[in-house]
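Heads up, the thing below is written out as structure tokens.
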Amino acid sequence: MYLKINNKIPYTYGKRRNFKMTEQILTKAIAVEMYGTDKQKSYFKKYKKLQKTMEEALLKTLEQEFNSEIEKVPAPTGRGICYKVGKKYDEVKEREDGRATNGVWSIDYTKNMDVIVVSALEQDLVSYDAQTMRKWLLDFKLVNRELFDLMGTKFNKEAELQHVKELINKNILEYEEKRIIKDYLDFTKELQGQLESTLKRMKKANIIRFWEVQKAKLTNGEVINIHESVVKKIDNQKRKLMNEYNVEAFEYEYLTNKEEVKTVKRLFSEFLKNDITDEKGNHIAIDFYWTAHAITLKATKKRILTYLKKYNVEGLEAYKTNQIKFVKDNQIDFTAGRLDRVVKLAQDKEDKFRLKHPHDKMMGKRKPIEDEFKFDTDYYALFFNNLYVKRIEELEKYYGQKFLEA
């Protein structure tokens, strides 16, 4: 019996060599073609061999696919090497990476994300559409609607002002202290990266499918998916303009009143509207573009339990016994962990500030008087008066701690 792929025979000997019928012999070429990464395929196509580290990675992949230890055997003809493999798994086995740190978390609450994400996908509670990471945070109830809206106010001053008014009405801050909202958003921004890291880890473990989708909003209001070749053209033009006018990425993002930045943004906007064609050669007038992500659940219940055994072993029995309670407990732990994390980030920022600017630079109503603090005086006074951490904590309690109600 021979396994044929694209009319190729990956092994040429089986029964006559007294191999078990559950065993197969894959040539290295077929193993790379079927199970190799793009990098491995490209290297093998060029050199007809693999580097040592590439072959080791390929062998780990084969171990995920086949129920036996992978054995190297001589090719039936020539001097090549083939791989003897066992019966193919019904599901791809979780990859073992051999690190002693597997299951250990640098930020403890991020382990709760896995449970919350899997539960939402299992119950079909999230969108099938590709979305921004910020929208996925909302779908997975890792942020509530108020925080989701606040995170989207970067380019909407009117919406930002509405949040400021509400915070003033709730006696959480004063108008002159509104700059602290930006700090709070900076502390919150890491959630998007943490969720993305969680999703990538779950993808690697074959729990989910997770991929990027490039999107654009056209000047006529239509939202479309755009081909990677179009994105490459856009990015190249943006980089060309920034180099031409000597604008750095930080300046492009934050120094929006700088003349060179204004020029680059204007020329780039004109380029998007006038000089872009899609992969079929049709003109498209783009207002702005972004990267979205699509997610679907891939694993069975059994694989999810295997994943939890590795990454959240202390909660495995609770998950088996009462999944609803387990998920709820994870939401509570996540919320408490986020509060601790945000307070720690705020304390670190205040400590660094106070180390650089000690109390002897105060006077009157305990407000800073140095020239460097002549703007946003009330904001800087929060540091000197030991109120900075308190304000951040209040913001997190107002926005972050209501997520269970969302």
Side-chain angles (χ1 to χ4, degrees), residues 101-123 125-126 133-151 163 166-167 170-173 180-181 183-199 201-202 304 307-351 382 386-406:
T101 55
N102 273 352
V104 177
W105 309 84
S106 58
I107 301 175
D108 191 60
Y109 70 80
T110 54
K111 69 182 178 184
N112 305 114
M113 280 186 172
D114 296 57
V115 176
I116 295 168
V117 168
V118 168
S119 174
L121 291 170
E122 268 195 311
Q123 297 176 63
L125 298 178
V126 295
M133 203 53 60
R134 179 170 71 97
K135 183 61 168 63
W136 280 118
L137 284 172
L138 179 66
D139 267 23
F140 290 129
K141 292 194 173 182
L142 297 169
V143 301
N144 62 15
R145 171 59 68 174
E146 290 94 334
L147 181 51
F148 170 81
D149 291 340
L150 181 67
M151 293 169 74
H163 281 273
E166 184 162 347
L167 292 169
K170 299 284 185 181
N171 295 317
I172 293 173
L173 54 75
I180 199 172
I181 295 174
D183 292 358
Y184 175 65
L185 287 175
D186 286 342
F187 298 149
T188 303
K189 193 183 299 182
E190 67 175 7
L191 275 174
Q192 297 183 59
Q194 289 163 354
L195 176 58
E196 186 170 357
S197 295
T198 290
L199 294 170
R201 182 175 61 254
M202 296 174 74
I304 292 170
Y307 180 79
L308 290 174
K309 184 177 180 180
K310 181 175 183 180
Y311 287 105
N312 199 348
V313 66
E314 69 273 15
L316 180 59
E317 288 305 316
Y319 183 85
K320 290 179 179 178
T321 305
N322 189 332
Q323 184 179 348
I324 295 175
K325 182 178 183 301
F326 180 58
V327 172
K328 188 74 171 179
D329 288 345
N330 270 269
Q331 290 176 324
I332 293 170
D333 290 345
F334 172 82
T335 307
R338 268 307 294 171
L339 178 60
D340 292 343
R341 171 70 174 171
V342 170
V343 169
K344 182 183 181 301
L345 292 172
Q347 188 65 63
D348 289 345
K349 187 178 179 72
E350 182 178 287
D351 290 345
L382 294 173
N386 298 323
L387 290 173
Y388 182 81
V389 175
K390 184 175 184 293
R391 289 287 192 275
I392 292 291
E393 183 176 4
E394 288 171 344
L395 286 169
E396 173 60 20
K397 285 180 177 178
Y398 179 72
Y399 285 110
Q401 302 302 293
K402 292 198 300 182
F403 109 95
L404 287 178
E405 305 166 12

Would you check if Asn330 and Phe334 make a side-chain contact, meaning some heavy-atom pair closer than 4.5 Å?
no
Between Asp340 and Lys344, is the closest basic N to carboxylate O distance under 4.0 Å?
no
Closest heavy-atom pair and its distance - Leu142, Leu191:
O-CD1, 4.5 Å
Atom CD of Glu166 and atom CG of Leu173: how far apart are they, to the nearest 0.5 Å?
11.0 Å
Should Ile116 and Lys141 count as side-chain neighbours, where that means a heavy-atom distance under 4.5 Å?
no
Using distance alone, with no hydrogens and no angle criterion, decide if Tyr109 and Gln194 have a side-chain donor and acceptor under 3.5 Å apart.
yes
If I compare all heavy atoms of Ile172 with all of Arg391, which pair ends up nearest, and what's the gap?
O-CD, 3.2 Å
Is there side-chain contact between Leu167 and Ile181, with at least one heavy-atom pair below 4.5 Å?
yes
Side-chain contact test, heavy atoms from C-beta onward, threshold under 4.5 Å: evaluate it for Leu339 versus Glu393 and give yes or no.
yes
For a side-chain contact (heavy atoms from CB on, under 4.5 Å) check, start with the C-alpha distance between Val117 and Val126, then their side-chain angles and the critical distance, and finish with the verdict.
CA-CA 9 Å; Val117 168; Val126 295; over 6 Å; no
Non-hydrogen atoms of Arg338 and Thr188 that approach each other most closely:
NH2-CA, 3.7 Å
Between Leu345 and Glu190, what is the shortest heavy-atom contact and its length?
CD1-OE2, 3.8 Å
Are Phe187 and Glu396 packed together at the side-chain level, in the sense that at least one heavy-atom pair is separated by less than 4.5 angstrom?
no
Hey, are the side chains of Ile392 and Lys349 touching, using non-hydrogen atoms and a 4.5 Å cut-off?
no
Which heavy-atom pair separates Glu350 from Leu387 by the least distance, and what is that distance?
OE1-N, 4.3 Å
Would you say the side-chain atoms of Arg134 pair up with the backbone N or O of Gln192, donor to acceptor, closer than 3.5 Å?
no
Go through it in stages, so that I can follow the logic: the residues are Gln331 and Asn112, the test is side-chain contact (heavy atoms from CB on, under 4.5 Å), and I'd like the CA-CA distance, side-chain angles, deciding distance and then a yes or no.
CA-CA 7 Å; Gln331 290 176 324; Asn112 305 114; over 6 Å; no
Test log, rule salt bridge (charged side-chain N to carboxylate O under 4.0 Å, His left out), inputs Lys135 and Asp139:
CA-CA 6 Å; Lys135 183 61 168 63; Asp139 267 23; 2.8 Å; yes
So which atom in Thr198 and which in Thr110 form the shortest heavy-atom distance, rounded to 0.1 Å?
OG1-O, 4.1 Å
Contacts of type salt bridge (Lys or Arg N to Asp or Glu O under 4.0 Å), residue Asp329, not counting sequence neighbours
Lys325
Once you measure the plane-to-plane angle for Tyr399 and His163, does it fall in the parallel (<30°), tilted (30-60°) or perpendicular (>60°) bin?
tilted
Check whether any side-chain heavy atom of Asp186 sits under 4.5 Å from a side-chain heavy atom of Lys189, and report yes or no.
yes
